[in-house]
Amino acid sequence: MSAGQPPFDSPEIRRLTPVIGPGYTYGSVTDKISAIVLTRPTSLGWYVGFLIAFSLMGMLTVAVGWLIIKGVGIWGINIPIGWGFAIVNFVWWIGIGHAGTLISAILFLLNQKWRTSINRFAEAMTLFAVACAGIFPLIHTGRPWMAFYMFPYPSTMGLWPQFRSPLIWDVFAVSTYGTVSLMFWFVGLIPDLATLRDRAVKTPMKIIYGMLSMGWRGSARHWYRYQSAYLLLAGLATPLVLSVHSVISFDFSIAIVPGWHTTIFPPYFVAGAIYSGFAMVLTIAIPLRKVYGLEDFITMRHLDNMAKVMLATGLIVAYGYFMEFFMSSYSGNKFDVFLVQQRLHGPYAPFYYALILCNILLPQLLWSFKMRHNVAVLFIMSIVVNIGMWLERFVIVVISLTRDFVPSAWGRYSPTFWDWATFIGTMGMFVTLIFLFVRVLPAISIAEMRELVAETSEDEK
Amino acid sequence: MHLHRSHIYGVMGEFGDPEELIHAVQKIREAGYRRLDAYAPFPVEGLSEALGLKRNLVPAITLLGGLGGGLTGFLFQVWANVSSYPINIGGRPLNSWPAFIPVTFELTILGASLAAVFGMLALNGLPQPHHPVFNVHRFSHASSDRFFVCIESRDPKFHLADTARFLQSLHAHHVSEVSDD
Amino acid sequence: MREHEQHEHIDGRHDRNDPAADAKLREGSMDLAAVRAKLQSKTGKQYWRTLEELAGDPEFEELLHREFPRQAPSEWEDSVDRRDFLKLMAASLTFAGLSGCGRTPEQYVVPYVKQPEGMVLGKPQFYATVMPFGADAIGLLVESHEGRPTKIEGNPDHPSSLGATNVFAQASVLNLYDPDRAQTVTKFGEIQTWSLFVDSAQAIAAEMKAANGAGFRMLTGIVTSPTLAAQIQSLLTLFPQAKWHQWEPAVGDGTREGAKLAFGSYLNTVYRPEKADVILSLDSDFLGSGPGHIRYAREFSRRRKLNGPTDTMNRLYVVEPTPSVTGATADHRLPLRASEVELFARALAAKLGLGGSAAIPPDAEKWLDAIAKDLQNHKGASLLVAGEQQPAEVHALVHAINATLGNVGTTLYYTEPVEAHPANHLESLRELCADIDAGKVETLLILGGNPVYNAPHDFDFASKIKFDEKKNRKPVKNTIHVSSHFDETAELCDWHVAESHYLETWGDARAFDGTVSVIQPLIAPLYHTHSAREALAAFGDKPGVSDYEVLRDRLKAANPSADFEKFWRKTLNDGLVAGSAFAPASANLKFSVASLVAAKTTPADDIEFLFRPDPCVYDGRFANNGWLQELPKPVTKLTWDNAALISPKTAEKLQLAHNVAWRGGEHGKIYSNVIDIALSNSKVTAAAWRLPGQADGVVVLPLGYGRKKAGYTGTNKGFNAYAVRTSDALWTASAPTSAIKKTGDDYPLACTQYHFSMEGRQILATGTLEEYRRNPNFANEHAELPPKELSLYKGEAEFPYNREKWAMAIDLNKCNGCNACVVACQSENNIPVVGKDQVMRGREMHWIRIDRYYEKAKSATNDPSSYDESLFNPPTFFQPVPCQQCENAPCEQVCPVGATAHSAEGLNDMTYNRCIGTRYCSNNCPYKVRRFNFLRFQDWETPQLKLLRNPEVTVRSRGVMEKCTYCVQRINNARIESEKLNAPIRDGAIVTACEQACPTEAIIFGNANDKESRVAKLKAQQRNYSLLGELNSRPRTTYLAAVRNPNPELESA
Amino acid sequence: MAQIFHRSTNFIARFSVFSTLFLVGVALVAVLAVARSPYMTRQNISREQPVQFSHKHHVGDDGIDCRYCHTGVETSAVAGIPPTKTCMNCHSVLFNNAAYLEPIRESYRSDKSIQWVKVHRLADFVYFNHSIHVNKGVGCSSCHGQINQMPLVFQAHTLLMQWCVECHRNPEQVLRPKDQVFNMDWKAPDNQAEIGAKLREEYKIRTTAELTSCSTCHR
């Protein structure tokens, strides 16, 4: 194409990058997508990948088992650094878990056609990420069996949770988010489950999909209520998804620890969440479309748009970093000023610079049309951003705690074998779930693709 | 006669694309049929209007769910902190309502969402794995690439032969009788 | 002792959430007798194959070599034993939602058969006794729960303690329950009965009698016990040829010999710091160690008390080679090498017109003038104190100077010696060794002490009692060792008699001023142990007699009174014989300064090596005490190790560095270079520690570490400085710089506070007396407290604290960092020991810590990267930091389960059994005073340690946050008692453990609502300030700024 | 296309949805109920003792005062289980060769304690002090029930925190005149409310806030 960059959203680009490949009918999309689940033989690659992921997940169970036997002392945490990897990973996973609902909900409300082919597995990814995140608050006390104290149940002590604590807010935010995402995802699945039911050959399959689809028959009356429910869910999920990471950010901004106690956190945590979320979607979408030949459904248009979203949110995050500096020096609070200095000159400075590189500098490449349309670059970029966002959480959680108010109490933190085992273990769990998902459920919403076919065909008329 | 009817659920016509379907539905209603339903692999724009569907309770239910969740959430927190077991937490007032907002908000969303989903399922009468329309052989296409309309035997104007013929006249690709057992 | 009710009192409280604890408790239904039986049958600890081994954990190797004290059972050492399976089961059960239904099995109540008189179950009893220590005896009141001594307090009526204590006294109760104590009589390591020992002792005695006791030798440490002394004397009359030798490794002969040199006879010096306006310490740590130091610290601190700007203070000059507690308290501190201290003394004498002369370093000159003038201006109200480790000459000079200044009789007085048998210990030991070599010694009876470990290495004491391969015979026919542990010496002796703890025996001892104090047992011996006196008696003519009778008889003889029983009861009650202190003795100088031979000096560019007792394990006798091992040393803040202390400059020269490890970091693990020290044809390898304020060219080698046979806790910790300590250089050795070689290795040291700069924050407010007078409010001007309107809840009613409002005031002007409060707190509140590894990870559990800051220090730490002039002699300050009990507690607001909440009296309560361990509170605590049980730090197994626990305080288990509670157990008990009488709680009725132990009265606790209370008065002072008050946390614990009283002359320069 | 599911499955499906919800609810309630049940609290369960000591006989019939055996109750945190000696005070004379008292005599002879099964158990992190309650007009029977009618002692109340706090919130309901504290048969009079309030004044009992602070019972 011409060397000159076309403007961001011109008809030219639309033509160059349609949201769905040409020449598809209702039948063909149905066949192509359902085939992945029903007829396509399971490849050796799938088994290998699954096995690796699953063994990593095994490591997670070992790590958690050992934690339960020994207590959190097996981790690198100490006084003053009471929170380490567990919380870093928790925030990181939860952040990743934002893309799915965001894509499905917000883009749905904004009536973005290009969302259709990615929302399904984006939502799935959300659920799995939230599952991984959910593990950490549970185990990070080393005594998960005490967690029920955090729920408002009528206890024999006549006591209730302490509702002023952000950790209690977390409990409600995360569980609500998990539930709503799950429902949103399942409601979206119902028509496709019906499709699978009707196309399945083996009886057990028919029965399983039959049960899951709850007897969906595509009645116009059902579609009528279904659509309004789906719309409402989207409307509810949107403020929810924004609230969840705000609440997570309260864990820090409510505290008085310098580097935590700042009002910029909620917005920039949310932006960061979307940032990492889209990065993760890319990380999964790119291999997925390659392996299952879905290039026509997940087109360059999709990748391009997601890259743009990353670029935008990345800039918001960058603004957040800048504001931290500005506010600390503007307020002149000596503790904050010192903390910010620490990030630049303290023992952990390398992590901070790495963070700036991954989250701010490198992503600027995405301004270039060429880069946005280079799948390899996008893939690497998505990984880089994931790393960057993890570093951000590390910088916030750990560095702030190493040097707070009383110099005599300053300390340092470094993760142990078990910290890593748990972290990598959750990654294993995440990938395992993804593998299972693409194997047994349609990774792309068939029903919505049919709509898309209908609409695009109208466009052509 | 009556006995005979009970075995028939209705007559079903199959169409190739949304436009045909909508056109057919309109014709059927003009013909005075009221007990009918259409089936499509995806929500077809204008179909509900054609069927004359108006009442939709889902939003109302959702609103109630939301209000319920939110109010219980907030009032419970106030009660637990102020009257159930008042404890001095860091010198904060017993009713530190600003701190109770996040939980209230989350519970509002939760209540509303649950109401929306389960309300929708309930109104749609799901789960309902068994349904007469599944008896129609070609109905499996309803979840893929075909569009159906079914005039039910409950309709006072229903007459097996006439209705079938009427559907034929609407250029249905197939017309089949939907048995009810 | 008998069975008694409420076995939980023995097991200690425990965290219900820990099934392991439950399990333990169930088994734990045991009583003293049972425990004792258990102990006496005990055959060492079993080890388990660890799970790491099975799981192939990469850290396994490291874990294997991990050091864990028995008092803090290694979390790693016995990993998958019964407890852990229980835990695992409990956990899995819970996941199955079942454990809620698992109910704990039956418990049993074990009442007495015949309840002892005067015992009320559930009420502690207090008994007066004393702890003999060197040439002093510390008067104590010991708390006992159903017959278990659990807590040591000072005896207010006793001259040496005045109600306060020091770290050794506080920690001595742990020695009683030390699982590694020797438990019975052994011969060649084989268990023997006591009677068998007595028989063979008698046999030996019989032989001896024939030879008039020739070849019979006794070796003791310092003996201040009149009874023991009398008994030894009677033996000596029984065996005219026998000899009594003494060896006290950590007490210098300088003190004794100095008096002899000055007055011609041994005399004991008693100081009255309270009466002195100007004090000069010549390398003396009289506030931190040595006879009477607890009392001296209190008297001294009374002269540092400021009620207002018009008050006056005393002034303390310290000339010392290495920073001590006393040096840190000084208004002026001059670092000089030990040898130069003597020169300084001579020069001062000359300046004061006592003749003689000496050349001192130029920068010390202006010091000399200033001090001399100051002293002369305060004739009769000044005081010079010479250090225990300084040679006789310095002591003699000090006596002379004190005399000319007219201080004798006012700020100090002399008495006859406190030691029963004052002698030159070095010579005494030398003689013994010589005699052994000459084959003159048949029988050697070692009462206490551990000469094989701590005798000068050129004596090679081991060879004196070890079987001689070449000659194929033993140098000494019979060797008997009496000591509490089966230690290095015991190993080489034929007989070893397990010695009873002072809390298990009757006895007596003289305090620093001569007061006869009675040692009264609180518990029958836990094992088959006996007192030194009993062991000695075995050789005498009446072996059978009990300590009790002997003591009574002697007291009867010494104090003839109409009604002896009355006298006896009073004596036991007071813990001392009233009016038995020595009367001041007249002392006239028999020496002239001019007559002194020239001082022996260290060449300028040589390194001076000093041997000093360790502030925590002393001469090594406390090596197996976990509390003391884990206690951060006052100045260095090192734990679990000793290190060669080197001044920054010298370290620079030798290129010795530290670096901060990533795990733990500044608050935990510091890697420091290892050096070989070749000294007097011996060698030792030590970790080098750069110590700001140390005199240049001085290396301090703390004694007491590197034990080879101390017990589970103390063995192989640190390096053994005795290995390079020779008889000709007991305290100061010198060698060229080449004596120190870098090995190139690094050694991890556990340092609880490596960072000593305040980073320009007002953490510890300090000023000078003038500043204070000019601006009494200086402490509060840095930080402005936020106005109350600045609140999210503006207008909301604040919580009223109408009745009691508990609060604490800590006077930084008095605190000298002695650590007594830290150990007291550990003992009172069942605080576990975590071991070196965990300290290095920054997980020590002390509820009150003492921060040490170097004022004006430009650099933050003393690794070479940040190192500068300001560290050569930095003004040092100490700040005890317990929980600040904030009214707007940041910790409470973030706890998800309300495990920490405010009581109606404004206490920041911590409810352990509600805590689920999110550690959020600790993150949000600006003072970082909360402590977390990262692992199962408490020892639920060792039965001895159950006896030690304070039943009034819950024993915390794994995963639970804990912190200072203002000793809420004491508050509650006092409240209950006053409520019963419907009387208000009077000021001083509640004394926190730290306050009670504090020798300087720096910590005051009370009801801030009571305007008359001491604490309210202190808080009313302008010096009073809140730590980090600008955070609006409104701490109940506040500090009073430290004020120093420098000499204007020296200030100006 | 053939039907996959039989007509009946419609009912089954819907029914199962509701029944699952129902069962989950029941399970939750059950868990909460068990925690309060005598099975967990040991309420109203009397235990076998080495000697079947009957409070009914000694207190009810013989009218021996509580304090004769439980000597610490007015002064100490623990009321105290009497030493064997106390039993022998009488039983060296009365029933001094009754077989069922052999364990007592044996204990006295051999100087070995009798191991009584503990009936009233509080968690070890709870610090209950008998003396303050007794001194502030809280009678024995308020917590221990009518011991004088118990042949074998059982726990009359749940001893759950809820139960303790209930009384710490409004002590008025149990406060009695000092002379009634050891009266096992004391019943709250009809005007207990006002009497209680008066007594609370008189005994200078602390405010509810003070009585329900965590550190009142937990240290």
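Computed from a predicted structure; not experimentally measured. Chain letters run A, B, ... following the sequence lines, proteins first, then strands; residues in each count from 1. For the numbers below, each heavy atom of this structure counts, side chains included, while hydrogens, waters and symmetry mates do not.
Of all the listed residues (A/S28, A/S165, A/G158, A/P166), the one sharing the greatest number of non-hydrogen pairs under 4.5 Å with chain B is A/G158. Among A/A447, A/G218, A/P239, the residue making the largest number of heavy-atom pairs under 4.5 Å with chain B is A/G218. For the options B/G66, B/A50, B/C150, B/A112, heavy-atom pairs under 4.5 Å to chain A are most numerous at B/A112. Chosen from B/F147, B/F100, B/F105, the residue pairing most often with chain A at heavy-atom distances under 4.5 Å is B/F105. Heavy-atom pairs under 4.5 Å with chain B peak, among A/R199, A/Q162, A/R217, A/M211, at A/R217. Looking only at heavy-atom pairs under 4.5 Å with chain B, the residue among A/V29, A/L159, A/D31 that has the most is A/L159. Options B/L51, B/L47, B/I89 differ in how many heavy-atom pairs under 4.5 Å they form with chain A, and the most are formed by B/I89.
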Worksheet item: Checking salt bridge (Lys or Arg N to Asp or Glu O under 4.0 Å) for the pair A/R221/B/D37: CA distance, chi angles, key distance, verdict?
Response: CA-CA 7 Å; A/R221 289 185 166 71; B/D37 197 353; 3.6 Å; yes
Worksheet entry | A/R115 and A/E448: CA distance, side-chain angles, deciding distance, salt bridge (Lys or Arg N to Asp or Glu O under 4.0 Å) verdict | CA-CA 10 Å; A/R115 89 182 245 289; A/E448 296 192 16; 3.1 Å; yes
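When heavy atoms are compared at a cutoff of 4.5 Å, B/S113 approaches chain A by way of both its backbone and its side chain. For B/I101, no part lies near chain A; criterion is any non-hydrogen pair under 4.5 Å. Proximity to chain B (any heavy atom under 4.5 Å) is restricted, for A/L232, to the side chain, taken from C-beta onward. Contacts of B/F76 with chain A are made by side-chain atoms alone, with heavy-atom separations under 4.5 Å and no backbone atom involved. Neither the backbone nor the side chain of A/L231 comes within less than 4.5 Å of any heavy atom of chain B. Proximity to chain A (any heavy atom under 4.5 Å) is restricted, for B/N81, to the side chain, taken from C-beta onward. Of the atoms belonging to B/W97, not a single heavy atom falls under 4.5 Å from chain A. In this structure, chain A has heavy atoms under 4.5 Å from both the backbone and the side chain of B/P41. With a 4.5 angstrom heavy-atom cutoff, B/S144 touches chain A via backbone and side-chain atoms both. Using a 4.5 Å cut-off between heavy atoms, B/L110 contacts chain A through both its backbone and its side chain.
Side chains of B/S179 and B/H7 form no contact here, defined as non-hydrogen atoms less than 4.5 Å apart. A/F108 is not listed as a side-chain neighbour of A/I106, based on a closest heavy-atom distance of 4.5 Å or more.
A salt bridge is absent between B/K157 and B/D162; no separation between the charged side-chain nitrogens and carboxylate oxygens falls under 4.0 Å.
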Please tabulate, one pair per line, all N/O donor-acceptor pairs under 3.5 Å involving side-chain atoms of residues 114-126 of chain B, not counting sequence neighbours.
from, atom 1, to, atom 2, distance (Å)
B/N124, OD1, A/R225, NH1, 2.7

Without placing hydrogens or testing angles, list every side-chain donor-acceptor pair under 3.5 Å for residues 171-182 of chain A, not counting sequence neighbours.
from, atom 1, to, atom 2, distance (Å)
A/S175, OG, A/V171, O, 2.5
A/S175, OG, A/F172, O, 3.1
A/T176, OG1, A/F172, O, 2.6
A/Y177, OH, A/G97, O, 2.5
A/Y177, OH, A/T101, OG1, 2.8
A/T179, OG1, A/S175, O, 2.5
A/S181, OG, A/Y177, O, 2.6

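Remark: side-chain polar atoms of B/N135 are paired, donor with acceptor, to backbone N or O of B/P132 under 3.5 angstrom.
Using a 3.5 Å distance cut-off with no hydrogens or angles, the side chains of A/R450 and A/T30 do pair a donor with an acceptor. In this structure, a donor-acceptor pair under 3.5 Å is present between the side chains of B/S84 and A/W160. Side-chain polar atoms of B/H173 and B/E20 form a donor-acceptor pair below 3.5 angstrom.
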